[in-house]
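Down below is the structure, laid out as structure tokens.
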There are 2 protein chains.
Amino acid sequence: MTKRTIGAKRRLNETRILEAAERVFAERGYSAASTAAIAAMAGLPKANLHYYFRTKQALYRRVIENIIAKWVETSDPIRTDADPKAALSSYIAGKIDYSRLHPHASKVFASEILHGAPTISERLSGDLKIWLDGKCRVIEGWIAAGKMARVDPRHLFFIIWAATQTYADFDVQAAALLGQRNLRAGDYQAAREMVTAMVLAACGLA
Amino acid sequence: MTKRTIGAKRRLNETRILEAAERVFAERGYSAASTAAIAAMAGLPKANLHYYFRTKQALYRRVIENIIAKWVETSDPIRTDADPKAALSSYIAGKIDYSRLHPHASKVFASEILHGAPTISERLSGDLKIWLDGKCRVIEGWIAAGKMARVDPRHLFFIIWAATQTYADFDVQAAALLGQRNLRAGDYQAAREMVTAMVLAACGLA
DNA sequence: GTCTATAGCGCGATAGAC
DNA sequence: GTCTATCGCGCTATAGAC
């Protein structure tokens, strides 16, 4: 065994544990998620999980950090040099895609915030606020340039997040009320079209 | 002690327990909420709580049932004989008020759905689906009468719920990103105005 | 109806052999 | 690195005195 092989195995096991943890945390919530269940889903004995991640809290923190990183990435289309209508449409489409493709990640994040954000409250009022401030300045720049109607950029983001993430976080409710077992591709498409129409109209871009 | 007095005491204690439970379930989630914490917040010994509600699950079910009843009530403005613009505006305003005044209730419901709705899945695909079907027929009636633009009524509801309830469920996030400790009256007003503008525009009622 | 004390159990975490 | 066995804690729920 070379050092490189050992490192590869560590990375492989860590990845499997992180994926299993994201799923179990999403389905049960932090407290009800047992390390035994996560280990079983990752195909490892429970003691091995504690070898790679000393505590449940440390494992959870790693899961959350990964999710935040992806969450921030989805806002890449919001750039000063972009066209507001195209940028907002692309942003919404990306958020809906994320809800469809990564519902577990969205749910873990939602559960964290829902119960007071104990793990990431410093980040919310720290680097994530700074990140959002920057994105809001982009919107304000578009408004100042007369490219779109005057709206409160922060509430615009809050409402876009809510309207897109609800199709991941509350997929069970939406499916049940649609008389289905799961959400289908057409449901996400209808959601994307409706959210886009509402946002563009509110921004005077329809 | 007359029988009436005893019944009054039972109702008083049950109410105090239910209010405490709603709060603790909202703050910690079902699993992390201990019956000891609920009893302490209600000002009772733990054993007394189990005297009034035999199991934690039974107490939780009662909390959820009460929340659903209030949730259904908020849709009262959606009536066939109402004016679409006034009805939707009133509905959204009521939902925002509910988020401001009953954030705990909204969070308990959100947490229930988020983790797969184990307690109310039958209701979601049963009487709640029938209730929503009725409300959707009202919207479809308005569309058929040419009173508003053609939209998918179910997705319209999903998005209104998401955009209004996010100010209760994710209040911690919104406050932190606004650089505040809590949401203020003005924040809810801004939210109401923005959601209303978006919905009315999407429905051709602006 | 109220309260103290505790039974019973599941979970996080670790020791220690391999 | 891996795994079995187990410790210790905190929780739900109840027994039984008052």
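The sequence lines fix the lettering, A, B, ..., with proteins before strands; numbering per chain opens at 1. Computed from a prediction, not measured in an experiment: that's the story for all the values here.
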Compare the minimum distances between each of C:dC11, C:dT4, D:dT2 and the side chain of A:S34, then state the nucleotide with the smallest one.
-> C:dC11
Check whether the side chain of A:K46 and the base of C:dG12 form a donor-acceptor pair under 3.5 Å.
-> yes
Taking the six-membered ring for Trp and the full ring for Phe, Tyr or His, determine whether the centres of B:Y167 and A:H155 are under 6.0 Å apart.
-> yes
Check whether any side-chain N or O of A:T74 sits under 3.5 Å from a backbone N or O of A:W71 as a donor-acceptor pair, and report yes or no.
-> yes
Send over the distance from A:Y60 OH to C:dG12 P, rounded to a whole Å.
-> 15 Å
Candidate nucleotides D:dA13, C:dA15, D:dT14, ranked by approach to the side chain of B:T55 - the nearest = D:dA13
Between A:E14 (CD) and D:dG1 (C1'), how many Å, whole number?
-> 13 Å
Atom CG of B:L49 and atom C1' of D:dA13 are separated, to the nearest Å, by 11 Å
What nucleic acid atoms does A:A33 come within less than 4.0 Å of, heavy atoms only: base, sugar-phosphate, or nothing?
-> sugar-phosphate
B:W131 and B:S75: side-chain donor and acceptor closer than 3.5 Å?
-> yes
Taking atom P of C:dC9 as reference, at what distance in whole Å does atom NZ of B:K56 sit?
-> 18 Å
Is the distance from OP1 or OP2 of D:dT2 to the nearest side-chain N or O of A:N13 less than 4.0 Å?
-> yes
By nearest-nucleotide position on DNA chain C, the 5'-leaning member of A:R28 and A:Y51 is A:R28
B:E112/B:Y30 under side chain to side chain donor-acceptor pair (under 3.5 Å): CA gap, chis, key distance, verdict | CA-CA 8 Å; B:E112 164 71 13; B:Y30 177 80; over 6 Å; no
Is the backbone N or O of A:V63 less than 3.5 Å from a side-chain atom of A:N66, with the two atoms forming a donor-acceptor pair by type?
-> no
Separation of A:L44 atom CG from C:dA13 atom P, in whole Å?
-> 17 Å
Take the protein atom CZ of A:R16 and the nucleotide atom C1' of D:dT2, then report the distance between them rounded to whole Å.
-> 14 Å
Separation of D:dG1 atom P from A:L12 atom CG, nearest Å, is 12 Å
For B:Y52, which contact category applies under a 4.0 Å heavy-atom criterion: base, sugar-phosphate, or nothing?
-> sugar-phosphate
Give a yes/no answer on whether the side chain of B:H50 brings an N or O atom under 4.0 Å of OP1 or OP2 in D:dA13.
-> yes
Send over the distance from A:N48 CG to C:dA13 C1', rounded to a whole Å.
-> 14 Å
